[in-house]
Trainee: 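Please find one structure pasted underneath; my questions will follow.
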Amino acid sequence: MPSEFDKPYDPKEHEDKIYKLWEESGFFNPDALPSGRDSDTKSRRSPTKTFTIALPPPNVTGSLHIGHALNATIQDILIRKKRMEGYRALWIPGTDHAGIATQNAVEKELKKQGVSRHDLGREEFLEKVWEWKEKYGNIILDQLKKIGASCDWSRMRFTMDQEYQKAVSAAFLHYQKKRWIYQGERTINWCPRCSTSLSDLEIEYKEEDGKFYYIKYGPLTLGTVRPETKLGDTALAVNPKDKRYKQYIGKEIEIQSVDSSVLRREAPKLKNIKIKVISDHAADPEFGTGVIKVTPAHDLADFEIYQRHPEIPILRVIDEKGRMNNNAGARYEGLKVVEAREQIVSDMQKLELIEKIEDYKHNIAACYRCGTILEPLLSKQWFLKMNELAQLAVKDVKKGKVKFHPKKWEKVYFNWLDPPVGGLKDWCISRQIWWGHKIPIEGVNDVLDTWFSSALWPFAILGWPEKTKDLETYYPTQVLSTARDIINLWVARMVFSSEEFLGIPPFSDVIIHATILAKSGQRMSKSLGTGVDPMTLIEKYGADATRFGLIWQAMGGQDIKWAEEHVVAGKKFCNKIWNASRFVLGQCPPSSKSDFRSQKKSNFFPSGKTPADKKILSQLQKTQKNIDKLIEKYDFGKALHILYGFFWHDFCDVYLEKFKNNPNPEVLERVLKESLKLLHPFMPFVTETIWQKFGDNLLMIEPWTS
RNA sequence: GCGCCCAUAGCUCAGUGGUAGAGCGUUUGCAUGACACGCAAAAGGCCUGAGGUUCAAUCCCUCAUGGGCGCACCA
């Protein structure tokens, strides 16, 4: 027995070597796959039979987290199975430039040296980002190799590489020609920290304990959580049906307010001002006092009121940095929003303009990249019309051309694209950062939303807008596997982009995999230290065990609370496979290995004649069918449970234990060989390592079932 | 506020219209010609609560409770 076939299986001994073997074979590139096998005259790999997956490009800022590991495993299972089935299986990897996230990361690093991006200027800063990307951007892909991902690295793409930039420009110009892109002045979500606009999807809501201030406006009283925006009020609104306030509608009322021209060091003073009362359905008679203040420049809802009542003025009192500007008056100018709030509240209290203050729990919008509280701001931005595009995306799922697994996620998709109330707002595609695709219009400095380029991913990586051979051969893709939080941010936008530019859906099946939660049942969080690093798991238990643990737990896409025990089980299982193989090999020495490999269908029932032989062979056959069916249904967890039960219990505990004194080598070989194939997509390293003991062929391209 | 999901063994989860399973953990044997990362056994659950449908419910329906998540302009 070869010395490296030692008792316990040690993944570290084998995994890197095996990965190198695969890479050197060139078979990750489907163009290099053999077109048929000598033992099989039917051409297994007809050029038309392709199977493509576009890897959701990880951000260059990131390192692999446990969710990536699960997602990569799922995709690798599909790709490996299809490759064994004879498809030209292509899995295209790449990375995303991740505009805001990457810019933030680089700025943070520069800050350590006391440098800001403004010190460097745009050109030099971008050079730094590129340097940073070259240095760190591919770490995550190396981590994918560690878990065994069989991507075609020769086709690796980056959302900012030259070819990809062409695709982005082409898409932009196409939309522009259709007049779906326009510039407009709107109140949008603004992150004062990142100093850029954000789309409606790039928001996270945080619950906050705030205060609800009841402020006197002459004869009226109204409630607000943001008294500082009072300085930008240009109207009051009441509901047209609200009888209490009917008499005021359409009238200008005179109210006493804070005199904002009084300097801060002086005592606050009252000032009489006039303000118009309008009627609008946005005012809910049931809530607060039924009167609302309208601050169109700093509130998204108020801006909508303004759009319905264009006669009211707009007054901006907050700047891009989140500070009060000179419109706010000398008393408040330069104060941060929160400071201004404290100041104005104290002023109003002194002037007896505040009736009462209540505790109030509410959700506030925060930046999805840095967590800073967003400041709605009137701003000139570029928008992409969404009506028709959204309908393209809706149509594909409604018609079943794109299917979600599990199906329930359709709801999230439809809920955004085709909301039950209101409509889908146009997509704010401009960002005021430096790192990204520049908007291809002369004199415009803004860059495009990162997701604008991500939306083109599945076809841009195959060469679109050029009519490349790859695009022709490998598009559309079949499966997209991703996390649920980017269903709208990314999946929906890929669907309509592909429909718009190529007239077909980008993929037919969308797998929304389980979200892996911390033991507490909450999302894993780096800052809380509840995250699990897949690299640590691989280091400790091996890649196969990690893959096993992930798939074993991620049943049916249901969220899971992470339990490392299952990775332990995976490690034990690797060992079991290893040792069973050692035993079988002992019964069938390497001299017979050519026989071992060339068994054909004709002797699926080798000379085994005992009832037990027949039983295990029929169990094997049943398992093969089952596993195949379950993988096709994307039911990976169940497939693995069944495989585990078959191999460990039916084969090892029952059959092997019973007959180890008097084994039937042919049956052993048959069962082991077929089991290794079934196991390979799940646990590629051990299975390939064992397979290598039998000959030179790669298990990776052995026929799935024979 | 609207919507979705979950509640089964100590832990993490499967599952079925006819009173339950896995992995890990625990207990007890066993160094049995691959494996102690093992083998053989065992303990452990009125399947969250209350109603309903049914001959029959852990599984179907309703409500409740607890937990998670998504959406929403309620200032």
Side-chain angles (χ1 to χ4, degrees), chain A residues 1 5-10 187 200-201 203-205 212-213 215 222-227 229 236-237 280-295 299-305 360 362-363 365 376 406 408-416 419-422 425 484-485 487-488 514-515 517 519-523 541-542 545 548-549 552-587 637-638 640-642 644-645 648-649 652-653 656-657 660-663 668 672:
Chain A
M1 200 166 288
F5 217 151
D6 287 334
K7 262 193 184 178
Y9 173 68
D10 180 8
T187 296
D200 298 332
L201 287 176
I203 299 171
E204 271 170 10
Y205 286 95
F212 199 61
Y213 306 89
I215 305 174
L222 60 80
T224 181
V225 287
R226 299 202 57 188
T229 62
L236 299 181
D280 194 278
H281 60 79
D284 179 358
E286 306 289 313
F287 190 85
T289 62
V291 185
I292 57 176
K293 57 200 260 328
V294 186
T295 321
D299 187 289
L300 273 63
D302 290 3
F303 185 77
E304 284 178 20
I305 297 178
Y360 187 62
H362 66 145
N363 288 326
K408 65 177 179 185
W409 296 110
E410 275 182 4
K411 286 194 180 176
V412 174
Y413 183 87
F414 289 135
N415 192 264
W416 180 64
V421 282
K425 278 190 253 169
R484 63 172 187 226
D485 41 344
I487 290 175
N488 296 321
T515 300
L517 307 169
K519 271 175 202 149
S520 62
Q522 284 161 328
R523 294 196 88 118
Y541 304 105
F548 179 100
W552 185 267
Q553 287 182 74
M555 301 286 294
Q558 198 58 53
D559 287 359
I560 47 174
K561 289 182 225 165
W562 178 251
E564 196 165 304
E565 303 90 90
H566 301 300
V567 182
V568 175
K571 182 175 180 276
K572 290 184 178 180
F573 189 40
C574 285
N575 200 238
K576 193 70 186 176
I577 299 167
W578 182 255
N579 281 299
S581 302
R582 288 173 65 225
F583 178 76
V584 174
L585 249 171
Q587 304 306 313
K638 198 183 239 174
L640 186 56
H641 277 79
I642 286 173
Y644 178 94
W648 198 313
H649 297 113
C652 293
D653 289 349
L656 235 157
E657 283 294 337
K660 63 182 170 190
N661 297 326
N662 181 25
L668 287 181
L672 178 67

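Every chain is numbered from 1, with letters handed out A, B, ... down the list of sequences. Because only heavy atoms are used, hydrogens play no part in the values below, and waters and symmetry mates are left out as well, while side chains stay in.
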Trainee: Would you mind reporting whether A:V567 and A:W562 have side-chain heavy atoms less than 4.5 Å apart?
Mentor: yes

Trainee: When the C1' atoms of B:G10 and B:G49 are compared, how many Å lie between them, rounded to an integer?
Mentor: 23 Å

Trainee: From the options A:L236, A:T229, A:D302, select the one residue that forms a side chain to side chain contact (heavy atoms under 4.5 Å, CB included) with A:V294.
Mentor: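 Result for side chain to side chain contact (heavy atoms under 4.5 Å, CB included) with A:V294: A:D302.
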
Trainee: Quick one: sort the A:F548 and A:F573 rings into parallel, tilted or perpendicular, breaks at 30° and 60°.
Mentor: tilted

Trainee: Scan A:K576 against the nucleic acid and name what it touches under 4.0 Å (heavy atoms): base, sugar-phosphate only, or nothing.
Mentor: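 Touches a base.
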
Trainee: Using the P atom as the reference point in each nucleotide, state the distance between B:A72 and B:U12 in Å, no decimals.
Mentor: 32 Å

Trainee: Tell me what A:R484 touches on the nucleic acid: a base, only sugar-phosphate, or nothing, going by heavy atoms under 4.0 Å.
Mentor: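 Sugar-phosphate: the residue A:R484, judged by heavy atoms under 4.0 Å, touches backbone atoms but no base.
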
Trainee: Give one of base, sugar-phosphate or nothing for A:A283, where a contact means two heavy atoms less than 4.0 Å apart.
Mentor: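 Result for A:A283 = base.
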
Trainee: Report the base-pairing partner of B:C73 (Watson-Crick or G-U wobble, both distances below 3.5 angstrom), or none.
Mentor: none

Trainee: Across the strands shown, which category fits A:K571 at heavy-atom distances under 4.0 angstrom: base, sugar-phosphate, nothing?
Mentor: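 It contacts base atoms.
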
Trainee: Does A:D485 reach a base, just sugar-phosphate, or nothing at all? Heavy atoms under 4.0 Å.
Mentor: nothing

Trainee: How would you label the contact of A:G549 with the nucleic acid (heavy atoms, under 4.0 Å): base, sugar-phosphate, or nothing?
Mentor: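 Contact class for A:G549: none.
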
Trainee: Going by purine N1 to pyrimidine N3 plus the second Watson-Crick contact, or the G-U wobble pair, all under 3.5 Å, which nucleotide sits opposite B:C63?
Mentor: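 By the stated definition (distances under 3.5 Å), B:G49 pairs with B:C63.
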
Trainee: Does B:A20 pair with anything, Watson-Crick or G-U wobble, both distances under 3.5 Å, and if so, with which nucleotide?
Mentor: none

Trainee: For the C1' atoms, the ones on B:C11 and on B:G44, what distance do you get once it is rounded to whole angstrom?
Mentor: 13 Å

Trainee: Could you work out the separation of B:G67 and B:G23 based on their P atoms and round it to a whole Å?
Mentor: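 One P to the other, the span is 32 Å.
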
Trainee: Using a 4.0 Å heavy-atom cut-off, does A:I305 contact any base of the nucleic acid, only the sugar-phosphate backbone, or nothing at all?
Mentor: nothing

Trainee: State, to 0.1 Å, how close A:G290 and A:A283 come at their nearest heavy-atom pair, and which atoms those are.
Mentor: O-CB, 3.8 Å

Trainee: Could you tell me whether A:H649 contacts a base, only the sugar-phosphate backbone, or nothing, with contacts defined as non-hydrogen atoms closer than 4.0 Å?
Mentor: sugar-phosphate

Trainee: Donor-acceptor pair, distance only, cut-off 3.5 Å: does the side chain of A:N579 make one with the backbone of A:N575?
Mentor: yes

Trainee: C1' atom, B:C71 versus B:A14: distance in rounded Å?
Mentor: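 It comes out at 31 Å once rounded to the nearest Å.
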
Trainee: Expressed as a whole number of Å, how far does the P atom of B:G21 sit from that of B:A43?
Mentor: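 Taking atom P in both B:G21 and B:A43, they lie 12 Å apart.
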
Trainee: At 4.0 Å (heavy atoms only), tell me whether A:E657 reaches a base, stays on the sugar-phosphate, or touches nothing.
Mentor: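 A:E657: base contact, heavy atoms under 4.0 Å.
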
Trainee: With a 4.0 Å cut-off on heavy atoms, is A:N661 in touch with a base, just the backbone sugar-phosphate, or nothing at all?
Mentor: base

Trainee: Using atom P in both nucleotides, what's the gap between B:U48 and B:U8 to the nearest angstrom?
Mentor: 6 Å

Trainee: Could you list where the contact with chain A starts and ends along RNA chain B, reading 5' to 3', using a 4.0 Å heavy-atom cut-off?
Mentor: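 Contacts span B:C4 to B:A75, reading 5' to 3'.
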
Trainee: Flag yes if more than 12 heavy atoms outside A:K519 fall under 6.0 Å of its NZ atom; otherwise flag no.
Mentor: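 Atom NZ in A:K519 is not crowded, with 12 or fewer foreign heavy atoms closer than 6.0 Å.
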
Trainee: For A:I292, which contact category applies under a 4.0 Å heavy-atom criterion: base, sugar-phosphate, or nothing?
Mentor: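 Base contact - A:I292 has a heavy atom under 4.0 Å of at least one base atom.
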
Trainee: For A:Y644, which contact category applies under a 4.0 Å heavy-atom criterion: base, sugar-phosphate, or nothing?
Mentor: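 It contacts sugar-phosphate atoms only.
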
Trainee: Side chains of A:T515 and A:R523: is there a donor and an acceptor less than 3.5 Å apart?
Mentor: no

Trainee: Mind telling me whether A:H641 and A:W552 have parallel, tilted or perpendicular rings, with 30° and 60° as the class edges?
Mentor: parallel

Trainee: Checking all strands, does A:C652 fall into the base, sugar-phosphate, or nothing category for heavy-atom contacts under 4.0 angstrom?
Mentor: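 A:C652: base contact, heavy atoms under 4.0 Å.
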
Trainee: Within a strict 4.5 Å, meaning less than it, do heavy atoms of the A:E204 and A:D485 side chains meet?
Mentor: no

Trainee: Between A:Y360 and A:A563, which has a closest nucleotide on RNA chain B that is more 5'?
Mentor: A:A563

Trainee: So what does A:W552 hit on the nucleic acid, given a heavy-atom distance under 4.0 Å: a base, only sugar-phosphate, or nothing?
Mentor: sugar-phosphate

Trainee: Mind checking the P distance from B:G15 to B:C60? Whole angstroms is fine.
Mentor: 12 Å

Trainee: Taking for each residue the nucleotide of RNA chain B with the nearest heavy atom, is it A:A580 or A:H566 whose nucleotide lies nearer the 5' end?
Mentor: A:H566

Trainee: Who does B:C37 pair with, Watson-Crick or G-U, both distances under 3.5 Å?
Mentor: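 By the stated definition (distances under 3.5 Å), nothing pairs with B:C37.
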
